[in-house]
Amino acid sequence: MNFFVGAFKPPCNISISFADGRSRKQVPLKKENGKTVMVPLFQSQENIVGEVVIEPVLGKKVEHNGVKIELLGQIELYFDRGNFYDFTSLVRELDIPGELYERKTYPFEFSTVEMPYESYNGVNVRLRYILKVTISRNFVSNIVEQQDFVVCNYSPTPSINNSIKMEVGIEDCLHIEFEYGKSKYHLKDVIIGKIYFLLVRIKLKNMELEIRRRESTGSGPNTYVETETLAKFELMDGAPVRGESIPIRLFLSPYELTPTYRNINNKFSVKYYLNLVLVDEEDRRYFKQQEITMYRLVENS
């Protein structure tokens, strides 16, 4: 029995390492098996440099048709699980066909790599970047090893960032005006605003502000939309009176937010909304939703 188990083990071990792996920032990444690992963080236009080490198992030789490393950016839609759409694909040939008898090290470099989209793990979609080493072989399956890394891209502070002002109401019953200081927020920002009650003829008992994330994937009949409520913030407890003003001050840093993603490679979008909820004494709920734009601010700016 042990013979058969050993027969299916790969005849070599492959390791992939980054040249600046010890000094580069590491971030958590949740794997398919639910475990979280720490992987290096990159941004677009960076060089990705490192080495691949292939070490044959003691006493075995590895016959191969060549060794290559690929840098892949992939999107996987969960309703089409297992099919990856490559939007970035770069290849470096590491070795010509031959035989390996002992440990061998192959340096690699991908220069100023265009990585336009951020890594993302959503409800119905995943965008990932990997390094993939393949040892091609005849008559038997190829030997493959993968190494994940994460990409985050940063934006400067927007030159134009208009406030949001809206009026909402029910005729002759309720008329409120709300104002948010900005329409674009970075991930560690603070939402500051005010709610004005211009007319109150229904008995309200509380009011809250929600942050919602809407993820849409696919297209046409295969469009899937998932809305998550990421935060609820109570603005008022008790009945307001006409002329009253309620301040808003909501810190975004405690929440796991991403930038707004619009039509990423024609596969998915992620949008954020502020949802104002009013509840009356009969537990009827009144909503007003407003889209905001999220962005990842350039660090140290």
Side-chain angles (χ1 to χ4, degrees), residues 118 120-125 152-171 173-200 202 204-217 223-264 268-280 283-297:
E118 289 202 343
Y120 176 70
N121 264 325
V123 178
N124 286 321
V125 62
C152 286
N153 290 321
Y154 302 92
S155 303
T157 303
S159 56
I160 298 174
N161 197 349
N162 296 325
S163 62
I164 299 170
K165 291 183 181 179
M166 293 188 73
E167 292 187 10
V168 60
I170 305 164
E171 192 172 357
C173 294
L174 177 70
H175 187 186
I176 63 173
E177 187 178 273
F178 63 85
E179 180 179 345
Y180 304 118
K182 298 186 287 190
S183 54
K184 300 172 184 175
Y185 297 89
H186 64 78
L187 304 186
K188 306 297 181 186
D189 217 333
V190 183
I191 295 173
I192 296 174
K194 283 184 179 179
I195 310 285
Y196 303 97
F197 288 89
L198 304 175
L199 176 65
V200 185
I202 54 177
L204 297 174
K205 67 177 183 179
N206 64 41
M207 177 171 63
E208 61 189 22
L209 185 65
E210 299 174 339
I211 301 175
R212 290 188 168 187
R213 175 164 57 212
R214 183 176 297 163
E215 175 191 288
S216 56
T217 54
T223 299
Y224 296 84
V225 177
E226 290 283 346
T227 300
E228 299 172 87
T229 300
L230 304 178
K232 285 187 178 182
F233 182 69
E234 189 172 70
L235 298 175
M236 178 192 75
D237 185 14
V241 295
R242 180 180 176 179
E244 190 168 356
S245 172
I246 307 289
I248 298 172
R249 192 175 183 86
L250 175 56
F251 290 85
L252 298 178
S253 53
Y255 308 109
E256 291 189 14
L257 306 174
T258 69
T260 297
Y261 302 135
R262 300 191 189 279
N263 199 22
I264 299 299
F268 72 96
S269 297
V270 177
K271 296 180 180 179
Y272 287 88
Y273 297 85
L274 294 177
N275 191 41
L276 188 65
V277 184
L278 297 98
V279 184
D280 69 14
D283 282 329
R284 287 177 298 204
R285 299 168 72 84
Y286 308 91
F287 304 94
K288 187 62 181 180
Q289 193 163 263
Q290 175 64 41
E291 184 180 357
I292 57 172
T293 299
M294 301 299 302
Y295 64 97
R296 192 183 302 278
L297 185 63

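These values consider heavy atoms only, across backbone and side chains, with no hydrogens, waters or symmetry-generated copies.
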Restricting to non-hydrogen atoms, name the atom on [X] and the atom on [Y] that form the minimum distance, rounded to 0.1 Å.
X	Y	result
Ile164	Glu291	CD1-O, 4.2 Å
Glu118	Pro259	OE1-CD, 3.4 Å
Pro156	Leu297	C-CD1, 4.3 Å
Tyr255	Leu230	CD2-O, 3.8 Å
Leu235	Pro247	CD2-O, 4.3 Å
Leu274	Ile211	CD2-CG1, 4.2 Å

No-hydrogen, no-angle side-chain donor-acceptor test under 3.5 Å, Tyr272 and Arg213: yes

No-hydrogen, no-angle side-chain donor-acceptor test under 3.5 Å, Tyr185 and Asn161: no

Mind checking whether [X] and [Y] have side chains closer than 4.5 Å, heavy atoms only?
X	Y	value
Ser269	Tyr261	no
Leu252	Leu257	yes
His186	Arg296	no

Any pair counted as salt bridge (Lys or Arg N to Asp or Glu O under 4.0 Å), so long as it reaches residues 180-200, sequence neighbours left out: Lys182-Asp189

Trace of the side chain to side chain contact (heavy atoms under 4.5 Å, CB included) decision for Asn206 with Leu278: CA-CA 6 Å; Asn206 64 41; Leu278 297 98; over 6 Å; no

Atom NZ of Lys165 with >12 non-hydrogen neighbours under 6.0 angstrom: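 No, not enclosed.
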
Glu256 CD: over 12 foreign heavy atoms closer than 6.0 Å: no

SB check Asp280 Arg285 (cutoff 4.0 Å):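 No salt bridge links Asp280 with Arg285.
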
Heavy-atom donor-acceptor pair, Ser183 side chain to Asn162 backbone, under 3.5 Å: yes

Residues in ring pair (Phe, Tyr, Trp, His ring centres under 6.0 Å) contact with Tyr295, at least two apart in sequence or another chain: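 Tyr295 satisfies ring pair (Phe, Tyr, Trp, His ring centres under 6.0 Å) with no other residue.
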
For Phe268, ring pair (Phe, Tyr, Trp, His ring centres under 6.0 Å) partners two or more places apart: Tyr120

